[in-house]
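Side chains are part of it too, since the values below use all heavy atoms of this structure and drop only hydrogens, waters and symmetry mates. Order of appearance sets the numbers: ligands from 1, and atoms from 1 within every ligand.
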Amino acid sequence: MSKTIAILTGGGDCPGLNAVIRGVVRTAIKQHGWRVLGIHDGFDGLLGDLKVDELTLKSVRGILQLGGTILGTSNRGNPMNYPVDVDGEIVWKDVSQQVVDNFYSTGAEALVAVGGDGTLKIAQRLSELGLPVVGVPKTIDNDLRATDVTFGYNTAVSVVTEALDRLHTTAESHQRVMVVEVMGRDAGWIALESGIAGGADVILLPEIPFDIKTICAAIQRRRDAGSRFSIVVVSEGAFFKDGHQVTQVAATDSCCGVARLGGIGQVVAHELSQCSDMEVRTVVLGHLQRGGTPTPFDRILGTRFGVKAVDLIAEGSYAHMVALRGREVISTPIIEAVGSLNLVDPNGELVRAAEKMGIMLGR
Ligand code: F6P
């Protein structure tokens, strides 16, 4: 039976989103003969002036290798807490029902919502209001518990690993300590895996509060043993043993009630320069980790997630999201997937392996 479905991408962008969009469009059209609508700029596209157009096979041609999202995204427009002008005063309201009504006005019957924890929570809320929604998890942070891995993460780890390879040569030439700050919010996956892959000497994770003195001592030991440089990878969410975390914008001052992390690299570099006579420099990789070409792994996972999302709509498995478990793409209820983060186990095998290799984790 002919159907119209819609897709949107919400939250921060990440490599592999276009592979999902292409997977959804091609499967919907080629397998079912359905129409697909693209909603632009996340849930913002369903509030105010509707930003919706049709996605055809032609619209998704040549996008597999592109980073970002051809639909645009937004990590501001949360319909559950949306700024509404009431008599000249901004009031924060739940406008989810308006999103549902606007969605149906497009003629679509089911929605594929691609996003991280925030977007999936909104998807859950919309499905409670009766909207047939299927979720697709994404984030470079790899912090969603429902899936073994998110697409975008592999690309971010590759970008950081390449940066570490490049920083090794310049660090060694100048006998410097290079402090490299990476993304990941409250999860240290990017720092840990790229640090191991890139041969870091020190890796600081949000899951293991660090003691600056032990890091100074480790760098000195390397020096005494004849190493002319050190590479320190710091996750943006890492914090000192006394609980001090560095933010660029506090949660209370941010647009969306979430702190903007960043700056810990500079602080760690300053502390290290106080306890060592080596030159210390900082590199903040920032959004480079999120932009650009997705790796083959992320293209394949994104494609499989897109195909599976359409399968779920075809069988009527709404309020579910796709996920990778082992080697299989499965589905799981969105409600069971949101709200609990997948963090690095401070005593897990990966952390232990790093420590057995002599990598110092700041504890
Ligand atoms: O969640 C993905 C992520 O890139 C985090 O690693 C980072 O803290 C955050 O988004 C940055 O968000 P923004 O692009 O809004 O600054």
Side-chain angles (χ1 to χ4, degrees), residues 9-17 20 41-44 67-69 71-78 81 113-123 135-147 149-161 163 180-195 203-207 233-239 245-268 283-295 298 301-302 337-344:
T9 51
D13 71 336
C14 96
L17 283 170
V20 179
D41 304 336
F43 289 102
D44 269 2
T69 158
L71 290 175
T73 185
S74 167
N75 47 14
R76 284 169 179 256
N78 178 356
N81 190 25
V114 191
D117 197 55
T119 301
L120 294 170
K121 276 184 187 147
I122 298 166
V136 176
K138 70 89 226 184
T139 166
I140 62 163
D141 303 339
N142 197 35
D143 61 355
L144 298 179
R145 189 159 286 292
T147 181
V149 70
T150 49
F151 63 86
Y153 171 66
N154 183 267
T155 305
V157 169
S158 302
V159 169
V160 178
T161 303
V180 188
E181 181 183 307
V182 302
M183 283 185 165
R185 289 209 64 85
D186 300 318
W189 293 111
I190 296 178
L192 181 58
E193 293 212 321
S194 61
I203 303 175
L204 305 179
L205 313 172
E207 294 86 348
V233 177
V234 189
S235 183
E236 62 180 0
F239 53 89
Q245 192 178 47
V246 181
T247 55
Q248 283 185 56
V249 182
T252 43
D253 298 331
S254 86
C255 66
C256 334
V258 182
R260 192 188 309 152
L261 299 176
I264 184 70
Q266 196 66 50
V267 174
V268 166
V283 176
V284 180
L285 291 177
H287 292 84
L288 282 175
Q289 296 158 89
R290 251 174 45 190
T293 309
T295 58
D298 285 338
L301 187 59
V338 294
S340 119
L341 291 182
N342 169 32
L343 300 177
V344 173

Which N or O atoms of ligand 1 sit under 3.5 Å from a protein N or O, and how far apart is each pair?
residue, atom, partner, partner atom, Å
ligand 1, 1 (O), Asp141, OD2, 2.7
ligand 1, 4 (O), Arg290, NH1, 2.9
ligand 1, 6 (O), Asp141, OD1, 2.7
ligand 1, 6 (O), Gly184, N, 3.0
ligand 1, 6 (O), Glu236, OE2, 3.4
ligand 1, 8 (O), Glu236, OE1, 3.4
ligand 1, 8 (O), Glu236, OE2, 2.5
ligand 1, 10 (O), Arg290, NH1, 3.0
ligand 1, 12 (O), Arg290, NH1, 3.4
ligand 1, 14 (O), His287, NE2, 2.8
ligand 1, 14 (O), Arg290, NH1, 3.0
ligand 1, 14 (O), Arg290, NH2, 3.0
ligand 1, 15 (O), Asn75, ND2, 3.1
ligand 1, 16 (O), His287, NE2, 3.4

Check your understanding: Taking only residues two or more places apart in sequence or in another chain, which ones pass side chain to side chain contact (heavy atoms under 4.5 Å, CB included) with Asp44?
Key -> Asp41, Lys51, Ser74, Tyr82
Check your understanding: Residues in side chain to side chain contact (heavy atoms under 4.5 Å, CB included) with Ala156, at least two apart?
Key -> Ile140, Ile190, Gln289
**Study point:** Side chain to side chain, Leu144 and Leu120, heavy atoms closer than 4.5 Å
**Key:** yes
Review point. Taking C-beta and beyond as the side chain, do Asp143 and Asp186 meet within less than 4.5 Å on heavy atoms?
Key: no
Exercise for review: Not counting sequence neighbours, which residues clear salt bridge (charged side-chain N to carboxylate O under 4.0 Å, His left out) with Asp141? List them please.
Suggested key: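 Here no residue qualifies.
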Check your understanding: At what distance, to the nearest 0.5 angstrom, does CD of Glu207 lie from CZ of Phe239?
Key ->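 If I round to the nearest 0.5 Å, the distance is 8.5 Å.
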